[in-house]
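Every chain is numbered from 1, with letters handed out A, B, ... down the list of sequences. Keep in mind that this is a model prediction, so the values were computed, not measured.
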There are 2 protein chains.
Amino acid sequence: MTPYVLVVEDEDALATLLDYNLMKEGFRVERAADGEEALLRVAEEPPDLVVLDWMLPKVSGVEVCRQLRAGSETRRTPVLMLTARGEEADKVRGLDTGADDYVVKPFAMSELVARIRALLRRTRPELMEERLEYADLVLDRARHRVTRGDKDVHLGPTEYRLLDFLMQRPGRVFSRERLLDAVWGANTYVEVRTVDVHVGRLRKALRREGEPDLIRTVRSAGYALDLEG
Amino acid sequence: MTPYVLVVEDEDALATLLDYNLMKEGFRVERAADGEEALLRVAEEPPDLVVLDWMLPKVSGVEVCRQLRAGSETRRTPVLMLTARGEEADKVRGLDTGADDYVVKPFAMSELVARIRALLRRTRPELMEERLEYADLVLDRARHRVTRGDKDVHLGPTEYRLLDFLMQRPGRVFSRERLLDAVWGANTYVEVRTVDVHVGRLRKALRREGEPDLIRTVRSAGYALDLEG
DNA sequence: CGGTCTCACGACACTTTTGCGACAGCGCCG
DNA sequence: CGGCGCTGTCGCAAAAGTGTCGTGAGACCG
């Protein structure tokens with residue numbers, strides 16, 4: 001979980017307010033003060049959703065949006081536009097910009113949050129799911145609790161996030177690099193092999209006598225959550 | 001309980017009176033002196049109910065009400081209008097604009113409180129629940145009393161509110177930030193770690209020889225009311 | 001069937017996060 | 001006033017979790 005939202009807004013006070021409130025709502029937030037910085041950050045780590053001010057220094061919101069649509073990694077990243085009252089609201093509505101939704105300033109924070117939630121639910125339902133299941137494994141995000149066949153499994157924070165990520169796409173193989181990005185965050189500097197260690201720990205925690213191993217190692221490729229080790 | 005009521009009233013004496021009385025009745029109260037401030041506060045933290053003066057500087061009560069109805073988060077927030085005597089004719093329109101109830105100034109405080117209670121009971125029954133239970137824990141809101149297995153538990157005001165909040169969703173994990181918002185109020189500036197201290201105090205107060213700890217710590221995530229520490 | 005590569009795993013030193021006792025400040029009440 | 005109950009902050013020690021390394025077992029390849 002912890003969807004990653006990039007807030008692109010030049011007005012500092014508003015950016016801070018957004019940051020604070022979205023953080024509070026359980027999102028991971030990064031900020032960019034202009035279009036240029038926004039594109040840099042997106043390149044660093046593609047966000048799950050972008051909140052984009054219409055008017056921006058250097059590269060305008062519309063242009064940022066266009067470029068997002070051009071990138072293969074970000075083509076489907078939902079964009080929520082912030083527009084001032086009279087400001088070209090019709091154009092945004094017209095959707096020529098490629099924004100998926102918009103709110104008009106000034107807006108209620110609660111409305112913004114609701115719209116963000118709605119967008120994410122539409123585009124990335126697995127991020128919003130309260131409960132992930134695979135085989136006899138259950139991960140309950142609200143309770144922050146993992147069980148395997150009714151028995152509680154205790155995980156450290158990192159193993160928990162790792163499992164959460166793997167459970168979003170069971171069966172799929174992820175490279176160590178991909179896992180580092182997803183679980184540790186894009187700009188953390190950690191040995192790649194550290195992933196092995198945590199996968200090992202997760203395996204151990206998930207291990208049940210007689211039950212099959214749920215994590216599959218794909219030699220020289222990565223790991224996957226999968227019946228049949 | 002501790003429903004959060006936003007009082008929007010420009011006349012200072014009346015606002016203070018309302019604040020004082022509602023507080024006394026067990027509500028958490030915030031004040032806004034005009035429509036603009038009201039909308040800001042609502043954006044910060046959506047209240048459980050709004051007491052709204054009909055006549056307001058900057059943005060009128062009707063307009064505030066209309067905007068509340070526009071926000072998806074606040075669409076269902078009950079609004080209680082305060083109208084002056086001469087504004088009788090406007091009563092109907094007040095209800096047209098989406099207010100859920102109204103009282104005519106001057107009014108008896110007890111009537112206002114009764115109407116607030118009625119509205120909340122209708123819209124947010126879980127907030128008005130008289131009695132919360134979990135395991136052998138009982139929190140009686142009417143008596144403002146907590147017992148664990150027949151034995152009285154003494155709590156300070158903060159621990160009481162904290163427990164009340166946790167008991168509304170047992171098992172769920174709340175971050176320290178979320179708890180600060182819910183228990184201390186959204187715009188109070190208190191160290192995050194203070195939550196730990198109060199959780200600690202609550203734990204101690206709830207502790208019974210031989211019984212399990214009812215509060216679960218989730219490392220790097222928060223706390224939950226839960227059997228099975 | 002060796003030579004490589006890759007991975008699992010235990011050990012360990014280091015960080016981060018929590019629990020807790022101590023303490024000073026505050027508002028209230030007799 | 002002076003005590004009392006409550007609060008918020010500190011600092012420290014314990015607990016829990018983290019990242020790196022070395023070793024050895026197995027997998028893959030020609």
Check: In terms of ring plane angle, is the pair A:Trp184 and A:His198 parallel, tilted or perpendicular, where the classes change at 30° and 60°?
Finding: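 It falls in the perpendicular class, over 60°.
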Check: A:Tyr223 and side chain to side chain donor-acceptor pair (under 3.5 Å): which partner among A:Arg178, A:Arg176, A:Arg216?
Finding: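 The passing option is A:Arg176.
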Note to self: Is it the case that the side chain of B:Asp100 and the backbone of B:Val79 share a donor-acceptor pair, with hydrogens and angles ignored and the cut-off at 3.5 Å?
What the structure shows: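 Checked: pair present.
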Next item on the list: Ignoring hydrogens and angles, tell me if any N or O in the side chain of B:Glu37 forms a donor-acceptor pair with the backbone of B:Ala33 under 3.5 Å.
Entry: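 It does hold such a pair.
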Next item on the list: For A:Arg161 and C:dT16, give me the distance from atom CZ to atom P, rounded to whole Å.
Entry: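 In whole Å, C:dT16 P lies 14 Å from A:Arg161 CZ.
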Check: Do you know which two heavy atoms are closest between A:Leu22 and A:Ile116, and how far apart they sit?
Finding: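 Of all heavy-atom pairs spanning A:Leu22 and A:Ile116, the closest is CD2-CD1, 3.7 Å.
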Notebook entry, point to check: Less than 4.5 Å apart, any side-chain heavy atom of B:Met109 and any of B:Leu18?
Noted result: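 Of all side-chain heavy-atom pairs linking B:Leu18 with B:Met109, at least one is under 4.5 Å.
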Collect all protein-nucleotide pairs involving nucleotides 8-12 of chain D in which both atoms are nitrogen or oxygen and the distance is under 3.5 Å.
{"unit_1": "D:dG8", "atom_1": "OP1", "unit_2": "B:Trp184", "atom_2": "NE1", "d": "3.0"}
{"unit_1": "D:dG8", "atom_1": "OP2", "unit_2": "B:Trp184", "atom_2": "NE1", "d": "3.3"}
{"unit_1": "D:dG8", "atom_1": "OP2", "unit_2": "B:His198", "atom_2": "NE2", "d": "2.7"}
{"unit_1": "D:dG8", "atom_1": "N7", "unit_2": "B:Arg201", "atom_2": "NH1", "d": "3.4"}
{"unit_1": "D:dG8", "atom_1": "O6", "unit_2": "B:Arg201", "atom_2": "NH2", "d": "2.6"}
{"unit_1": "D:dT9", "atom_1": "OP1", "unit_2": "B:Glu191", "atom_2": "N", "d": "3.4"}
{"unit_1": "D:dT9", "atom_1": "OP2", "unit_2": "B:Glu191", "atom_2": "N", "d": "2.8"}
{"unit_1": "D:dT9", "atom_1": "OP2", "unit_2": "B:Thr194", "atom_2": "OG1", "d": "2.6"}

Distances under 3.5 Å between nitrogen or oxygen atoms of protein and nucleotides 24-30 of chain D:
{"unit_1": "D:dG26", "atom_1": "N2", "unit_2": "A:Arg219", "atom_2": "NH2", "d": "3.1"}

Check: Is the shortest side-chain N/O distance from B:Arg176 to OP1 or OP2 of C:dT18 below 4.0 Å?
Finding: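 So the side-chain polar atoms of B:Arg176 do come within 4.0 Å of the phosphate oxygens OP1 or OP2 of C:dT18, strictly under.
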Next item on the list: Using only side-chain N and O atoms of B:Tyr223, determine if any of them is under 4.0 Å from OP1 or OP2 of C:dG19.
Entry: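 B:Tyr223 to C:dG19 OP1/OP2: side-chain N or O found under 4.0 Å.
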Item checked: A:Arg141, A:Arg122, A:Arg121 screened by side chain to side chain contact (heavy atoms under 4.5 Å, CB included) with A:Met128, the one that passes ->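 Only one of A:Arg141, A:Arg122, A:Arg121 forms a side chain to side chain contact (heavy atoms under 4.5 Å, CB included) with A:Met128, namely A:Arg121.
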